[in-house]
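In what follows, chains carry the letters A, B, and so on, assigned in the order in which the sequence lines appear, proteins first and then strands, with residues in each chain numbered from 1. Values reported hereafter were calculated over all heavy atoms of this structure, with side chains retained and with hydrogens, waters and symmetry mates removed.
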There are 2 protein chains.
Amino acid sequence: MKRKSVTSRDVAQLAGVSQSAVSRSFSPNAKVSEKTRKKVMDASRELGYRPNTIARSLITRSSRTIAVVTYSLENPFYSSVLEQASRFFQAQGYHLLMFFAPPGGSFDAVLDDIIRSQVEGVLMLAITMTQRQAGLVDDFGIPVVIINRTVDYAGISQVSSDNVQGGYWAGRHLASLGHQRIAYLGGLPDSSTHQQREAGFLEGLHSMEQACSAIEIGNYRYEDACEATRRLFSAPMPPDALFAANDLMALAAMEVLRHEFNLRVPRDVSIIGFDDVPMAAWPSHSLTTVRQPVDLMIQKATELLMKQVAQEETQPEHLILPVTPMLRKSTRHHADHN
Amino acid sequence: MKRKSVTSRDVAQLAGVSQSAVSRSFSPNAKVSEKTRKKVMDASRELGYRPNTIARSLITRSSRTIAVVTYSLENPFYSSVLEQASRFFQAQGYHLLMFFAPPGGSFDAVLDDIIRSQVEGVLMLAITMTQRQAGLVDDFGIPVVIINRTVDYAGISQVSSDNVQGGYWAGRHLASLGHQRIAYLGGLPDSSTHQQREAGFLEGLHSMEQACSAIEIGNYRYEDACEATRRLFSAPMPPDALFAANDLMALAAMEVLRHEFNLRVPRDVSIIGFDDVPMAAWPSHSLTTVRQPVDLMIQKATELLMKQVAQEETQPEHLILPVTPMLRKSTRHHADHN
DNA sequence: CTGAAAGCGCTAACAT
DNA sequence: ATGTTAGCGCTTTCAG
């Protein structure tokens, strides 16, 4: 039960070689004769030796560790990012160290924690940062890629999708369907995604000479979205169409409308979401939505981060990837409108 | 852009104290005068100094890191575990290091990786281990807690729920409803949860003098469960009731039955799931299921692991927590049966 | 209370 | 190709 602590010295002694020969034997591209390597490996096996990664990190100054920062994993989008990114980095000998930002959000303490931990890069999942905070991490010279949020600061890389365009399409589409009272179910008010989707949406409506009839906030969460939907549809003149800033909220609205207000979707109300989570395609929901290119976002973000970690001088990039409207059955068909 | 590398020596020099005074100033329970500590803190702030956690780990022999091992985060149950466990450990100055087991599953390489990384504990999420593998980690003297799986090995701690009892209830309940052709939609065949739920289910049916009419495997995954459901209900004598080994598969079955086979749930087919994920309670699904006490499982597992990490001599425990039947609308009411 | 000195386990020159 | 030596940045005796 006691912690074994077999060091390279122990192995060297047993194998009858120097300690550095042991070290070399465990380095992929070192110059060791097959004979010594074999002696070392045999001795290692016998003693159950494993190189101590921490000692290695101290001297090579590379922890082979990437920090992942997020507020929550409730949205499957982010657990998906986490899983894919982790597999990607793991394949290159890196590992992810988790940091959850406190709900309330004194994000600064987490930042401090991250810097102490000597990670070589930071992956931010949907973290809303101020320019000051972005500058703070940047000053430390540690590569950062932020996924699904933008911040008005050039020094760190950002990968997001075209939220404005997605919102614009949603607005125009609902208006083109002949809806007259079109509402917006917003996400976290401070988030760039919320703001951009809303801005695009309003512009889309405007381009069809319509305005937004009502706005409520669901904070990207299921329960909050249910509440917001109840408020929207308890009004004297309830909406006849709804754009939600993500799928989870769109689905929440659909549940509330169908089962509490006895409204039919899309007959009485059209709904559009954002993300295209797997569940959106389930036949029961068949949610019309704006697809974010999740896999591509993850791929770009991880590659970008890896590149910055590997090479000293790489310029930050701001990537905005295209979204795709997914027409399903939660919105009226054009022919339906009178 | 260059990596800053401010060391305690730099701070000491600026503050006009010794390097060890700096170290002491950053140790919570060290004996330093307020005066020196202040000098040190001021100098630290000026230089942007952060103690190097890696160097500290090397000497204290404690990485303050816990490994989390999982196959996938597709099931929200596990992202939930991850988030809650992470917050718990973070509050005590520990962080989680992610390890994803390869899909095919040469789990041994991951084990080696984990040992090298000098973590102080391991949290296994739904990892199916052989006795040999369990013994291997145990031999290293590193505390392990395995959540939602059992393995026939006493040396490591295990936290699961009463799968046998849950399956038993499902079997008896479906039989008591008057169903005649009751099928099982299984999870990963090798997993202890699958085996225990199935065993309990068959026993429950048996206690009502019924047998299981058909078994198909859905591997705990949505798509696989859809396929399995199609096979089950394409048979000449399709089931009139179904017990799925988790909610995700139960919901998949519900989608397929309603939208591909035009069957009504529960009128034509009763369905019972396992887990009680949030989605199960959505009115559209209203899935009758066996609730696992997720929060309690997480709490017990993290506390157990923390205890073992903190104290050398703690006995492994095998916890089996009680499950709760959640009667919703995917199963017939008793009065319905003729 | 504070500084000097000795490593933690390893890698990376530098000799040999 | 191998051994010797000098640290990586920090914590922790040990004197003073």
(request) Carefully, step by step, assess Phe99(B) and His95(A) under the rule ring-ring contact (aromatic ring centres under 6.0 Å, His included). (result) CA-CA 7 Å; Phe99(B) 293 85; His95(A) 289 281; 4.5 Å; yes

(request) Identify the 5'-most and 3'-most nucleotides of DNA chain C with at least one atom closer than 4.0 Å to a non-hydrogen atom of chain A. (result) dG9(C) to dA13(C)

(request) Check whether more than 12 heavy atoms from other residues, nucleotides or ligands sit under 6.0 Å from atom CD of Gln299(B), and answer yes or no. (result) yes

(request) Look at Glu317(A) together with Lys307(A) and state whether they make a salt bridge at an N to O cut-off of under 4.0 Å. (result) yes

(request) Report the residues that fulfil salt bridge (Lys or Arg N to Asp or Glu O under 4.0 Å) with Asp295(B), sequence neighbours left out, ordered by chain and then residue number. (result) none

(request) Compute the bend angle of the helix from dC1(C)-dG16(D) to dT16(C)-dA1(D) from the end axes (five pairs per end), rounded to 10°. (result) 40°

(request) Would you indicate whether Ile320(B), at its atom CD1, is surrounded by more than 12 heavy atoms from other residues, nucleotides or ligands within a distance under 6.0 Å? (result) no

(request) Salt-bridge test for Asp42(A) and Lys39(A): reply yes if a basic N is under 4.0 Å from a carboxylate O, no otherwise. (result) no

(request) Begin with the C-alpha distance, continue with both residues' side-chain angles, and end with the deciding distance and a verdict on side chain to side chain donor-acceptor pair (under 3.5 Å) for Thr36(A) and Ser33(A). (result) CA-CA 6 Å; Thr36(A) 32; Ser33(A) 69; 2.7 Å; yes

(message) Does anything in residues 62-79 of chain B form a salt bridge (charged side-chain N to carboxylate O under 4.0 Å, His left out)? List the pairs, not counting sequence neighbours.
(response) Glu74(B)-Arg221(B)

(message) Students often get this wrong, so: under 4.0 angstrom with heavy atoms, is Thr36(B) touching a base, only sugar-phosphate, or nothing?
(response) sugar-phosphate

(message) I'd like to check the side chain to side chain contact (heavy atoms under 4.5 Å, CB included) partners of Ser44(B); sequence neighbours left out, ordered by chain and number.
(response) Val11(B), Phe26(B), Val40(B), Tyr49(B)

(message) Is there a side-chain contact between Pro143(A) and Glu120(A) in this structure, where contact means two heavy atoms from C-beta onward sitting under 4.5 Å apart?
(response) no

(message) Generate the contact string for nucleotides 6-16 of chain D. Rules: B means base contact, S means sugar-phosphate contact only, - means no protein heavy atom under 4.0 Å.
(response) -BBBBBBB---

